[in-house]
Amino acid sequence: MEKYSTETIQKNHQQYVLTSWSKQSGLLPKVMSKAHGVYFWDEQDKRYFDMSSQLVYTNVGHQHPKLLEAFKHIGDIPLSAPGFASASKSALARKITEYAPSNMKKVFFTCGGAESNEHAIKMARMVTGRYKIFSRYRSYHGATFGAGNLTGENRRLSVEPGIPGFVKFDIPYLYREVIDFNNEEQATEFYLKRLRQQILYEGPNTIAAVFIEPIPGSNGVIIPPKGYLEGIRALCDEFGILMVCDEVMSGFGRTGKMFAVDHYDFEPDMITFAKGVTSGYAPLGGVIVSNQVASYFDDHVLMTGLTYSGHTMCTQIGLETLKIYEKEKIIENTSHVGQTLAQRLDQLMCYSIVGQVRHIGLFAAVELVKDKKTREPLIQYGLDYGQDPVRLMNKFVSMLLEKGFYTYSHESSVIIAPPLVIKEDELNEAMDLFEAVIQEFEKEVTGIEHSTILPVK
Ligand SMILES: Cc1ncc(COP(=O)(O)O)c(C=O)c1O
């Protein structure tokens, strides 16, 4: 490939590329000169820990030799349209259904997360003959029009006024709940009762599906209270509503199990996935559907499709990725190193600017606050994406970057989701950098040296 200087790459980007979720003027995007495993290097050859796996997808690490090798053989299988059967498409679909909960039967392939949710919406409407779709506030399901309407956080505002029949319900985000529950069970009961009431108000016979991220990722790894997801399943069963779990971010090992739902005692009707299935090396996503949903389409036309559904290259890379998961025991590593991450994060609670840490496997968020007692967030809700007048979170993420720790934030939460191949010593080294920045930042926000602050529970 033709070699371009860093300056040319950046200049061409500024002049010709529209960058997502950003004001375009003033952007000076970094250029990766190389990457390997949990690291990448910038144009000045500075090394960074990739502590968000880019956008939570480089699960098997950067430039994995087995995947680079697989790309050399892409041409061996001819390109074929969705109507053809191909070795990689059929083998991958089989493998995914085998990994999925036992009620899952077939896969519809897409090219990414939003498209997967779009197709799950359509399938839910076709199967139930109903049109309303429930989803939660503080969720992210993608940026296309249907997925944007599912999305509950403020990135959905760009698709409003939205599609009729998309209804939002509240998420148990207990750290910011105004009601002071005695325990998780009480919170679960409250949220489920509220949801039941809302289903009744909306007319149960009009509701096709409830979409949830079992553990919302972009919005700060919000772990559900005990019994909550199982309770949603029960409500869906009561009213004949399909339950769709969006595992685009949480799926393929991120939480220490293949799917986040594997931590709980229920089976959804559909699971949407993307990112980790190819570790991001090729754009692939899909919808895994239950026996019941699959059977519906045995004698009803599946009125949807994509030119690249089950694309040969993408499914080959997916298949190779899952072989790496097995050979390198990626999920075992996630749950093992995840314990170290949990310890390191729990220790951060002694800092006055750390409001809450949330973690499961290698999926974590640190929520920063101005005041630990009042839980005043660093950024008020809705003032993200460069609209924060004080730009405190931008500052924090820049300080991390300066130290060689790459990640991103949402509202007042910083995401920590390294490649699932990270080793314990690498994680500890990265977390030392993180803690050093927390210390510096605490002084900047509070004006007090850390050592003078008593740990707050
Ligand atoms: C839970 C979830 N769903 C859907 C999406 C959208 O995926 P994509 O950007 O591949 O369309 C994302 C992206 O981050 C996600 O986290």
Side-chain angles (χ1 to χ4, degrees), residues 18-22 50 52-59 108-122 124 133-156 158-159 166 168 171 173 209-224 229 243-255 259-261 268 270-288 306 308-309 311 314 317-318 321 358 360-365 384-385 407-411 413-417:
L18 282 169
T19 304
S20 332
W21 311 116
S22 310
D50 185 354
S52 65
S53 305
Q54 296 301 294
L55 295 179
V56 196
Y57 61 70
T58 53
N59 290 2
F108 177 81
F109 286 112
T110 68
C111 306
E115 267 186 7
S116 303
N117 287 324
E118 297 286 346
H119 286 81
I121 295 168
K122 286 179 75 175
I133 303 286
F134 271 45
S135 60
R136 300 187 298 178
Y137 291 111
R138 290 192 188 267
S139 66
Y140 182 70
H141 295 286
T144 53
F145 208 72
N149 271 264
L150 277 183
T151 292
E153 48 128 302
N154 61 357
R155 275 182 283 180
R156 91 171 179 285
S158 61
V159 298
F166 279 67
K168 297 288 169 298
I171 180 170
Y173 181 26
V210 171
F211 276 69
I212 46 166
E213 295 173 79
I215 299 168
S218 307
N219 281 264
V221 188
I222 302 169
I223 314 278
L229 294 173
M243 181 177 184
V244 184
C245 285
D246 178 346
E247 295 241 25
V248 168
M249 198 176 267
S250 59
F252 291 94
R254 177 55 55 194
T255 64
F259 294 102
V261 295
M270 293 190 237
I271 293 177
T272 56
F273 66 91
K275 300 185 187 264
V277 66
T278 59
S279 210
Y281 282 67
L284 181 70
V287 190
I288 322 172
L306 292 164
Y308 303 131
S309 176
H311 189 279
C314 303
I317 295 302
T321 304
R358 300 182 285 269
I360 180 164
L362 287 171
F363 200 24
D384 210 342
Y385 300 98
T407 189
Y408 64 92
S409 66
H410 179 90
E411 306 278 334
S413 291
V414 189
I415 304 298
I416 301 182

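In each ligand, atom 1 is the first atom listed, and ligand 1 is the first ligand listed. In this chain, numbering begins with 1 at the start of the sequence shown.
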Quiz item: Please walk me through it: do Ser116 and Thr110 pass side-chain hydrogen bond (donor to acceptor under 3.5 Å, both in side chains)?
Solution: CA-CA 6 Å; Ser116 303; Thr110 68; 2.8 Å; yes

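Assignment of Lys275 to the shell around ligand 1 is supported, since a heavy atom sits closer than 4.0 Å. In this structure, Asp246 counts as a contact residue of ligand 1, since one of its heavy atoms falls inside 4.0 Å of the ligand.
Residue Gly113 has at least one nitrogen or oxygen atom sitting less than 3.5 Å from a nitrogen or oxygen atom of ligand 1, judged on distance alone.
Atom 11 (O) of ligand 1 is flagged as protein-proximal [any protein heavy atom, distance under 4.0 Å].
Using a 4.0 Å cut-off to heavy atoms of Asn117, the atoms of ligand 1 that qualify are 3 (N), 4 (C). Which parts of ligand 1 touch Glu213 is read off a 4.0 Å heavy-atom cut-off, strictly below it: atoms 1 (C). Taking every heavy atom of Ala114 and a limit of under 4.0 angstrom, the matching atoms of ligand 1 come to 6 (C), 7 (O), 8 (P), 11 (O).
Of the protein's heavy atoms, Val248 CG1, 3.7 Å lies nearest to atom 5 (C) of ligand 1. Among protein heavy atoms, atom 2 (C) of ligand 1 sits closest to Tyr140 O, 3.3 Å. Of the protein's non-hydrogen atoms, the one nearest atom 16 (O) of ligand 1 is Met249 CE, 3.5 Å.
Under a 3.5 Å cut-off, the side chain of Ser139 and the backbone N or O of Gly152 do form a donor-acceptor pair. Between the side chain of Glu247 and the backbone N or O of Val261 there is at least one donor-acceptor pair closer than 3.5 Å.
Paired with Pro216 under the rule side chain to side chain contact (heavy atoms under 4.5 Å, CB included), one option of His141, Arg136, Met249 passes, and it is Arg136.
Atom OH of Tyr308 has 12 or fewer heavy atoms from other residues, nucleotides or ligands within 6.0 Å.
Across all non-hydrogen atoms, the minimal contact from Pro224 to Ile215 is CD-CG1, 4.0 Å.
A centroid separation of 6.0 Å or more is found between the aromatic rings of Phe166 and Phe134.
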